[in-house]
Amino acid sequence: MSNPNAIPITPELVAAHGLKPDEYQRILDLIGREPTFTELGIFSAMWNEHCSYKSSKKWLRTLPTSGPQVIQGPGENAGVVDIGDGQAVVFKMESHNHPSYIEPYQGAATGVGGILRDVFTMGARPIAAMNVLRFGAPDHPKTRHLVSGVVAGIGGYGNSFGVPTVGGEVQFDERYNGNILVNAFAAGLADADRIFYSKAEGVGLPVVYLGAKTGRDGVGGATMASAEFDETIEEKRPTVQVGDPFTEKCLLEACLELMATGAVIAIQDMGAAGLTCSAVEMGAKGDLGIRLDLDKVPVREEGMTAYEMMLSESQERMLMVLRPEKEAEAEAIFRKWGLDFAIVGETTDDLRFRVFHKGEEVANLPIKELGDQAPEYDRPWVEPKPAAPLADADVPQTDPAEALLKLLNSPNLSSRRWVWEQYDTLIQGNSLQIPGANAGVVRVEGQEKKALAFSSDVNPFYCEADPYEGGKQAVAECWRNLTASGALPLAATDNLNFGNPEKPEIMGQFVFAIKGIGEACRALDFPIVSGNVSLYNETLGTAILPTPTIGGVGLIRDWSRMARVRFAAEGEEILLIGAPAEWGTHLGQSAYLRELFGKKIGPAPKVDLAHERRVGDFVRGLIQEGIVTAAHDISDGGLAVAIAEMAIASGIGATIEEPAAPSPIAAFFGEDQGRYVVTALKGTAAKLAAPEGVSVQLIGVTGGTAVRLGNAEPVSVEALKQAHESWFPSFMDGKPA
Amino acid sequence: MKSAVIQLPGLNRDRDMIAALTKISGKAPVTVWQTETELPDVDLIVIPGGFSYGDYLRCGAIAARMPVMRAVADKAAKGVTVIGVCNGFQILLEAGLLPGALMRNASLKFVCREVKLEVANANTAFTRAYAQGQIIRCPVAHHDGNYFADAETLKRIEGNGQVVFRYAEGTNPNGSINDIAGVMNEAGNVLGMMPHPENLIESAHGGTDGRGLFESVLGIAA
Amino acid sequence: MTKARVIVTLKNGVLDPQGKAIESALGGLGFAGIGSVRQGKVFDIVLEETDPARAEAALKKMCEQLLANTVIEDYSITIG
Amino acid sequence: MTKARVIVTLKNGVLDPQGKAIESALGGLGFAGIGSVRQGKVFDIVLEETDPARAEAALKKMCEQLLANTVIEDYSITIG
Ligand SMILES: Nc1ncnc2c1ncn2[C@@H]1O[C@H](COP(=O)(O)OP(=O)(O)O)[C@@H](O)[C@H]1O
Ligand SMILES: [Mg+2]
């Protein structure tokens with residue numbers, strides 16, 4: 001085609017761009033004429049679900065996003081939170097679900113690359129990463145291939161870039177068979193007064209393109225991420241983006257070096273819908289127009305059209321507005337790091353987004369409207385029906401020792417060592433707690449005692465049974481994990497993974513999960529400062545489990561006083577804090593029922609947020625005062641699994657009393673919320689003054705080489721460890737699951 | 001003692017190494033960018049870990065051909081102490097300053113974990129702070145640490161005591177021949193090793209077993 | 001016995017960071033006039049199968065299933 | 001312009017963890033009768049040089065200086 005921009009705009013073409021007829025009408029009304037082909041591409045990129053949050057915006061606005069510690073909430077590349085001493089932590093989480101299903105290695109790798117870029121775009125050096133993964137059933141034919149590719153891709157990018165991976169989650173369930181989840185989190189450290197934003201300022205200033213060259217990678221990718229999967233997925237393959245962690249590492253160093261010179265006015269990384277999104281955002285935020293000259297864009301393929309350049313998702317690229325007098329200095333820095341540097345446009349005062357290619361104006365659009373006037377939907381939703389309560393007969397009684405061994409050896413509770421040993425957990429020399437802990441903990445460079453804690457959590461089974469309680473629980477568990485390490489939880493990011501929002505039941509899950517998240521964040525002073533929404537996670541009409549991942553950051557003032565999971569010594573008291581007199585009561589949606597009997601039944605556990613906070617504040621106090629020698633929150637698998645993990649981590653056994661409860665199964669495997677196990681020197685329990693409404697029960701002692709759960713047969717720590725460590729490697733070796 | 005740390009694009013444990021040298025010697029090392037053709041007058045040159053040039057082509061291959069490496073080779077020939085850790089080891093091999101080659105880990109997977117090292121030769125400039133046969137803890141983090149040398153070379157370096165560290169107690173993480181974790185040149189002034197002693201030098205790291213190496217070369221009594 | 005060589009290369013348009021790095025390294029070493037470098041993989045495979053057609057069919061299957069990532073790579077097979 | 005293909009393979013006797021792993025993976029996928037697999041690299045290089053002899057000489061130098069690690073690898077060059 002001699003002039004690709006002259007392609008006639010047909011209803012089919014509009015539909016192929018994922019735009020509904022009424023959305024197209026909105027475009028016509030906005031610009032008063034038919035869009036060019038390039039303009040149609042630009043609109044589709046800006047107005048798809050992924051970029052415009054058109055289905056979710058209304059609800060996202062209800063989340064608490066502020067607090068005295070918050071420097072920057074949602075709306076920038078990442079959230080920024082004050083950690084004292086003039087320092088700030090910058091963090092965000094983002095999904096790369098669809099690309100990772102199509103090409104697991106590159107999909108996951110570029111997901112990590114994207115989130116790292118979000119963080120260093122703001123002037124922060126990345127200091128920690130996490131990854132939250134959901135795969136299909138272990139026996140599904142694609143699962144092993146996807147696990148190995150995704151994990152290798154995350155490692156391949158993060159390790160080479162040089163950021164320690166300090167935590168994450170891996171879970172298997174058939175509901176992710178055709179739609180896996182890859183949510184990547186990154187956090188960086190910056191000076192609180194040297195944060196960089198995307199808002200352009202000043203007219204006639206150079207818009208500079210930095211980083212790697214533009215190819216046809218991922219053209220149409222953002223549109224794909226907002227479409228349901230179907231059997232034609234194979235045809236959508238050529239859009240795969242390949243990550244180049246080496247270029248990204250160079251880009252990091254070059255950006256930080258450049259930022260230190262004071263040359264940067266505004267900066268925006270090119271993520272989904274690359275040049276389009278970044279340029280529009282910089283202009284719209286600054287109430288400025290942007291003029292781009294595509295002939296100046298560094299390309300690595302011949303014959304690229306304006307459309308392709310505007311929609312390319314080639315990785316490792318940035319757009320900046322620079323102080324003109326610093327241009328030469330800036331260029332020298334980028335050349336030193338072997339990166340492309342090109343002035344591709346300028347800021348204008350006409351509030352238009354004008355794009356030129358080969359002497360032709362291929363787009364001329366109102367910049368504010370492009371960003372702000374995206375359609376917004378109040379999609380119909382129905383209130384989720386709560387799951388029926390469990391009947392006594394629903395809960396098979398078994399020997400607790402046997403059940404514990406089986407749980408530790410199950411796909412969802414076994415050790416993830418196979419995964420995280422492929423990640424560099426130690427690089428930068430500041431890792432105080434690596435995966436396997438309550439939370440990953442990283443020392444803050446340049447500070448004697450300060451450290452940051454990171455955790456990511458969600459229980460999709462709870463969310464499926466009760467999106468509202470599940471949303472609350474995800475926040476509470478994250479907050480609890482941070483607390484159990486001794487950290488004061490500061491703020492959180494979210495990654496909301498759901499099915500097709502056009503279905504009222506799915507929209508209902510979304511709405512109620514957000515209500516739960518918002519309520520928990522408010523009650524726990526744990527604002528959401530950044531996040532990402534991934535909808536349309538469906539294959540052939542089957543949605544994933546609702547999976548609103550929460551990633552949290554906490555502050556440890558003195559890391560010599562943080563808590564670890566492992567028992568510290570023999571002969572110490574084991575205390576159960578925050579539990580009812582029966583220790584545990586709630587088995588609905590428990591790992592016990594699910595992993596041992598295949599029963600995903602019953603209601604999700606309820607989170608009493610006032611109780612959660614009281615108990616957590618008490619436990620954190622004990623840790624900070626040095627009274628506690630080890631601490632662990634109780635989550636999937638209940639008390640028994642928590643005790644086993646503490647034993648396995650230390651090699652020290654434990655003797656737990658027989659619970660005075662009607663059912664030892666509920667006591668040991670119940671998943672009541674707001675509970676912790678801690679250890680302390682003998683005699684501590686008697687002296688502890690717990691506040692009103694916080695229960696402390698002495699339930700046993702550490703010591704020996706076995707774990708004894710009440711009257712059940714003791715199990716050697718060695719056997720527990722063997723059970724815990726063996727499932728993942730043998731699964732990946734192809735042995736029967 | 002003055003030390004220098006070589007910096008090349010893609011290296012990423014340079015900051016760890018600079019921090020370790022600074023903490024142990026009390027003095028920050030000078031850093032030298034890849035395009036330098038001359039090195040300052042130092043007693044110790046360290047090439048840190050990472051993924052220089054993305055480890056594209058072969059690990060360390062492109063880095064080994066950068067101008068600064070000619071300067072390193074000159075200094076090495078004059079007897080200056082040189083240490084390459086991880087990617088630094090790979091670079092020294094590609095530069096021909098050490099014998100053998102590093103292949104993909106036998107598992108084919110990147111591996112980051114703590115291993116045990118046996119000090120196979122305590123009578124070197126790098127290990128005098130350790131005892132012969134001492135077992136120390138040390139983390140590894142690499143994808144291509146599978147040491148290989150042909151039979152003849154192997155016989156020679158084993159015979160000469162050039163094998164400085166071995167993976168101990170069944171902890172070989174990568175399939176290295178003879179459990180080799182670190183080798184030096186015949187002259188005894190250039191060491192390459194895969195493990196990361198710089199990540200185990202203070203209580204925050206959970207141990208200080210890695211200090212011995214730095215104390216040895218920096219002439220600091222343990 | 002059949003000796004075969006399988007060559008796996010990146011599809012056109014797929015970014016090749018390795019090739020790019022080698023390109024610029026060659027430039028740095030003073031080689032002028034390098035248009036482009038693309039890196040791929042070679043597998044030299046010895047099969048017990050003696051019938052070339054059957055060997056080729058088996059190799060094709062190996063490429064599809066393991067040797068090539070057909071999402072981003074092409075392959076070619078040479079026998080003998 | 002000259003198009004060339006450089007193939008770099010491991011010398012005989014040099015350990016090839018990747019080839020070995022592929023060998024056993026192929027076995028695991030049910031392919032029987034795999035004698036051996038050795039993995040190497042291929043470089044597709046476009047040179048501005050038009051004279052084949054001069055192009056080949058340049059490529060040989062590139063192999064010696066960068067593309068192959070001649071301690072453990074062999075290379076071969078095909079022009080055109
Ligand atoms: N993909 C992963 N990457 C890194 N660490 C992981 C990953 N998956 C799980 N982990 C780590 O394994 C440990 C157990 O995970 P999980 O059971 O989800 O923890 P918790 O119940 O404390 O939230 C945690 O320390 C977690 O950080
Ligand atoms: Mg969890």
Side-chain angles (χ1 to χ4, degrees), chain B residues 6-12 14 32-39 47 49-74 84 86-88 90-97 101-110 142-144 146 148, chain C residues 2-49 55 58-78:
Chain B
I6 307 297
Q7 291 188 310
L8 290 138
L11 287 183
N12 59 23
D14 47 339
V32 184
W33 184 242
Q34 58 165 357
T35 48
E36 298 297 320
T37 49
E38 239 167 281
L39 287 172
I47 310 176
F51 291 73
S52 58
Y53 288 91
D55 273 357
Y56 299 143
L57 184 59
R58 296 178 307 277
C59 300
I62 299 178
R65 286 149 182 87
M66 289 299 137
V68 73
M69 285 309 297
R70 239 169 289 146
V72 170
D74 286 348
C86 199
N87 201 211
Q90 294 158 344
I91 294 170
L92 289 173
L93 288 166
E94 279 283 344
L97 294 176
L102 285 159
M103 320 291 288
R104 182 66 21 127
N105 293 346
S107 68
L108 302 194
K109 294 199 284 284
F110 185 96
H142 58 249
H143 209 163
D144 299 82
N146 188 349
F148 174 83
Chain C
T2 307
K3 284 191 181 183
R5 172 163 276 184
V6 172
I7 291 186
V8 175
T9 50
L10 281 173
K11 290 197 162 130
N12 264 340
V14 173
L15 174 72
D16 178 13
Q18 305 218 52
K20 216 178 67 185
I22 295 166
E23 219 172 281
S24 69
L26 286 172
L29 288 173
F31 291 97
I34 309 279
S36 74
V37 180
R38 302 273 291 170
Q39 180 169 341
K41 294 188 194 116
V42 175
F43 302 95
D44 286 323
I45 304 182
V46 180
L47 297 172
E48 278 165 23
E49 179 62 64
L59 286 162
K60 188 148 185 253
K61 248 173 102 179
M62 291 177 207
C63 286
E64 293 284 339
Q65 285 183 31
L66 184 71
L67 299 180
N69 177 354
T70 51
V71 178
I72 50 175
E73 293 171 332
D74 292 325
Y75 60 88
S76 72
I77 299 169
T78 333

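First the proteins, then the strands, lettered A, B, ... as listed; each starts at 1. The structure presented is a predicted model; accordingly, all values stated were derived computationally and were not measured.
Around NZ of B/Lys109, the count of heavy atoms belonging to other residues, nucleotides or ligands within 6.0 Å exceeds 12. Within 6.0 Å of the CD atom in C/Glu64, the count of heavy atoms belonging to other residues, nucleotides or ligands exceeds 12.
The salt bridge (charged side-chain N to carboxylate O under 4.0 Å, His left out) contacts involving residues 5-20 of chain C comprise A/Asp244-C/Lys20, C/Arg5-C/Asp44, where partners must be two or more places apart or lie in separate chains. Identified under the salt bridge (charged side-chain N to carboxylate O under 4.0 Å, His left out) test for residues 50-68 of chain B, with sequence neighbours left out: B/Arg58-B/Glu94, B/Arg58-D/Glu73, B/Arg65-B/Glu94.
Within the 4.5 angstrom heavy-atom criterion, only side-chain atoms of B/Ile62, from C-beta onward, approach chain C.
Applying a 4.5 Å heavy-atom cutoff, the residues of residues 26-43 of chain C that approach chain B are C/Leu29, C/Gln39.
Looking at C/Gln18, its side chain does come within 3.5 Å of a backbone N or O of B/Leu57 through a donor-acceptor pair.
A search for side chain to side chain donor-acceptor pair (under 3.5 Å) contacts involving B/Asp144 returns B/Arg104, not counting sequence neighbours.
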